[in-house]
2 protein chains.
Amino acid sequence: MAKLVSERADVIPALAEVFREYGFEGASLSLISERTGLGKGSLYNFFPGGKQEMASAVLKEIEGWFTTRIFAQLQWEADPRVAIEQMVEAVREYFQSGRRVCLVGAFAVANTRDLFAKPVRSYFAVWQKALAGALARAGKDKESADQLAEEALASIQGSLILARALGEPAVFERALTRLLISLLE
Amino acid sequence: MAKLVSERADVIPALAEVFREYGFEGASLSLISERTGLGKGSLYNFFPGGKQEMASAVLKEIEGWFTTRIFAQLQWEADPRVAIEQMVEAVREYFQSGRRVCLVGAFAVANTRDLFAKPVRSYFAVWQKALAGALARAGKDKESADQLAEEALASIQGSLILARALGEPAVFERALTRLLISLLE
DNA sequence: GTCTATAGATCGATAGAC
DNA sequence: GTCTATCGATCTATAGAC
């Protein structure tokens, strides 16, 4: 055991960072090779489908992270208010207080959007449904739960963009603070 | 007069559409040539700085559109509530009810972000300031005006992403409806 | 399994005929 | 001023040595 990089899963975090920083098209194979420390041969050994399979693997890992850390709590945590608080904290941590861009959001508007339309759609749809469910269990009627969840996701995505555009991560922090209040009131 | 395409300004709308659809890197010169109907020679005659100058020209035109149609009203319209209503309508129209992506937002998170950081920052900063000013004139205190304006921009950007990701332009429409209410209440 | 070398295509940009 | 032809660089992906 204790191998540094010898399994497919080991390179995915590095892949994710490269795609986040450079986007799908901007992340060239030479750059990926450099940042993962793997030659192109090794990369194609792990991902026979090439760059597209690498990006798909990253999206799958992201979906896994959110499922474990956020969606599952929203669905199964006994106290939905606690689950919502944990969601906001996990989101703050994941996006590094507004310094990290959302790869799924970026893929949603990029020109490569059709390549990843299904996982992108699923990511937001599952999140919206899980959050709306928790809000409903917290006492909201179905209609406003659906609407609040939709607003929440849009607020997270929008404040990430605004924070990045203005060079002010605090915009993201403020949005999360308001979000917590509006979801729990 | 009545020339079809014989001035620099005539090709900018087509350029804007290509950049919106394919992003900066995805918009290749061959594609741009095809969509504008101009050979590369002509393109470089209009834009000696190449693709980067084309994108800058597009950003400048976008800034001009928003300045005329939105920012100016927010600043100078006698009734700030009327200006805000007009803003929401202009935004709905501009983004084609959620079917059109925001190029400035896309440039803010793309890997080319440093290339256009200044105009991107300016676009959002000026908008936020103009909207906050109108809200203040409508009776809000400065602090909540600033915050509301920030929320509004994030909501527009976020709902555009969400609408695109889910394939549901209605998400954007709903966000605008809520926005109008929250800004005028 | 991992590397280097390179194929084959396309990129942004330029040169030169007209 | 607009085109075509083409440059050198870079891209994804593959082949083959080890």
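Every chain is numbered from 1, with letters handed out A, B, ... down the list of sequences. Note that the structure is a prediction, hence the values are computed from the model and not measured.
- The two residues A:K140 and A:S182 make their nearest non-hydrogen contact at NZ-O, 4.4 Å.
- Salt bridge status for A:E63 with A:K60: absent, with no side-chain N to carboxylate O gap under 4.0 Å.
- To the nearest angstrom, P of D:dT2 lies 11 Å from CG of B:D10.
- Ranked by how close their nearest DNA chain D nucleotide is to the 5' end, A:G41 and A:E25 are led by A:E25.
- Between A:I32 atom CD1 and D:dT10 atom C1' there is a gap of 14 Å when expressed in whole angstrom units.
- If you check every strand for non-hydrogen atoms under 4.0 Å, A:G50 touches sugar and phosphate atoms only.
- For C:dG1, neither phosphate oxygen OP1 nor OP2 lies less than 4.0 angstrom from any side-chain nitrogen or oxygen of A:S42.
- Of the candidate nucleotides C:dG1, D:dT6, D:dT12, C:dG1 has the atom lying nearest to any side-chain atom of A:N45.
- Of the listed nucleotides (D:dC3, C:dG12, C:dT2), C:dT2 has the atom at the smallest distance from the side chain of A:F46.
- When the P atom of C:dT6 is taken as reference, atom CG of A:L29 falls 19 Å away, rounded to whole Å.
- One atom, CD of A:E34, and another, C1' of D:dT10, lie 15 Å apart when rounded to the nearest Å.
- For the ring pair (Phe, Tyr, Trp, His ring centres under 6.0 Å) with A:Y123, the lone residue among A:F107, A:W65, A:F116, A:F66 that qualifies is A:F66.
- Distance CG (B:L43) to C1' (C:dC11): 15 Å, rounded to an integer number of Å.
- One can place CD of A:Q52 at 19 Å from P of D:dC11, the figure rounded to the nearest angstrom.
- The side chain of B:K40 sits closest to D:dT6 out of D:dT6, D:dT14, C:dC11.
- Atom NZ of A:K51 is separated from atom C1' of C:dT10 by 13 Å (rounded to the nearest Å).
- Here D:dT2 presents its P atom at 11 Å from CD of B:E7, a figure rounded to the nearest Å.
- A:A145 and A:L135 get closest at one heavy-atom pair: O-CD1, 3.7 Å.
- Between B:R35 and B:E17, no side-chain nitrogen of the basic residue sits less than 4.0 Å from a carboxylate oxygen of the acidic one, so the salt-bridge criterion is not met.
- When the side-chain nitrogen and oxygen atoms of A:S30 are compared with OP1 and OP2 of D:dC11, one or more of them lie within a distance under 4.0 Å.
- Of the candidate nucleotides C:dA13, C:dC11, C:dT6, C:dA13 has the atom nearest to the side chain of B:Y44.
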